[in-house]
Amino acid sequence: MSETGRILHRNLMAVQSRMRAACERSGRDPRTVRLVAVTKYAELSWVRTLAEIYTVFGENRPQQLAERSELLPAEWHLIGHLQRNKVNLAVRHASLIHSVDSLRLLEAVSDCAAENHRPAVLLQVNVSREASKTGFAVEELPGIWESILAYQGRVDIRGLMTMAAESADPEEARPVFAELRRLRDRLSEAAATHASGICLNELSMGMSGDFEPAIEEGATLIRIGSLLFEGLSSATV
Ligand SMILES: *Cc1c(COP(=O)(O)O)cnc(C)c1O
């Protein structure tokens with residue numbers, strides 16, 4: 001195994017072991033939490049090496065996702081902000097778009113859907129209420145829920161996504177994750193009487209600095225970049 005391979009293997013094992021411990025602490029089945037390996041800062045050669053042992057990847061930019069997904073067969077997720085003129089690219093190459101952050105974008109995704117392809121998406125919510133972050137407002141979603149459900153026929157809305165504010169203390173993110181889960185529960189209830197068949201099973205929350213409280217609060221997808229590629233530099237071969 002190459003030095004890069006050894007480092008990636010060690011990092012992946014360490015993250016997965018922390019994921020299992022967080023599941024154990026919160027009484028969850030570890031099979032209900034999936035790791036999305038975020039490759040936006042990773043060199044292609046590292047991603048190639050990681051792809052030998054792991055196959056669920058996340059990219060921020062549709063262009064890079066499209067390029068890499070053509071080179072490396074894997075499950076690719078789009079996790080970063082999506083512009084409407086790039087929706088087609090994202091829909092073609094991403095198996096899940098985590099970052100649908102407005103009704104206009106949801107409509108654009110719906111316009112790209114086809115008879116035999118119903119794009120899978122999550123709705124991004126700005127729970128931390130930071131001006132720098134995009135996303136639906138927590139207070140806004142219940143009021144526009146009926147309009148969102150109208151898209152469910154052409155788009156497969158699978159859940160919610162959020163990003164907590166950056167902080168050195170992961171515990172500061174916990175209330176944000178708990179709030180996303182409560183919002184999901186509330187919206188699921190509001191959809192239960194609806195004929196849309198919507199199921200908000202997925203909660204995409206938690207990154208390198210805060211994935212443990214996210215798992216304890218119900219995350220089903222965690223998005224990890226820096227922890228996986230720690231110890232690698234461009235000089236490593
Ligand atoms: C970069 C990024 C991540 C991963 O962040 P790390 O702190 O490197 O784990 C997760 N989610 C989104 C939306 C990102 O842009």
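All ligand and atom numbering here is 1-based and tracks the order in the structure.
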With a 4.5 Å heavy-atom cut-off, do W76 and T39 have their side chains touching? yes
What is the closest protein heavy atom to atom 13 (C) of ligand 1, and at what distance does it sit? I79 O, 3.6 Å
Note the single closest protein heavy atom to atom 9 (O) of ligand 1, along with its residue, its atom name and the distance in Å. S208 OG, 2.5 Å
Does atom CZ of R61 have more than 12 heavy-atom neighbours from other groups under 6.0 Å away? no
For the atom pair OG (S128) and CG (L180), what is the distance rounded to the nearest 0.5 Å? 11.0 Å
Test your reading of the structure: does G225 have an N or O sitting under 3.5 Å from an N or O of ligand 1? yes
Among H81, K40, M207, R223, whose heavy atom sits nearest atom 14 (C) of ligand 1? K40
Can you list the atoms of ligand 1 that are under 4.0 Å from a heavy atom of I224? 9 (O)
Any nitrogen or oxygen of Y41, main chain or side chain, under 3.5 Å from a nitrogen or oxygen of ligand 1? no
Surrounding CD of E70 (heavy atoms of other residues, nucleotides or ligands, distance under 6.0 Å), is the total greater than 12? yes
Should the heavy atoms of other residues, nucleotides or ligands under 6.0 Å from NE2 of H81 be counted, would the total exceed 12? yes
If we number the atoms of ligand 1 from 1 as shown, the ones under 4.0 Å from a heavy atom of S226 are 6 (P), 7 (O), 8 (O), 9 (O)
Enumerated ligand 1 atoms positioned under 4.0 Å from heavy atoms of N60: 14 (C), 15 (O)
Contact summary for G218 and L203, nearest pair of heavy atoms: O-CD1, 3.6 Å
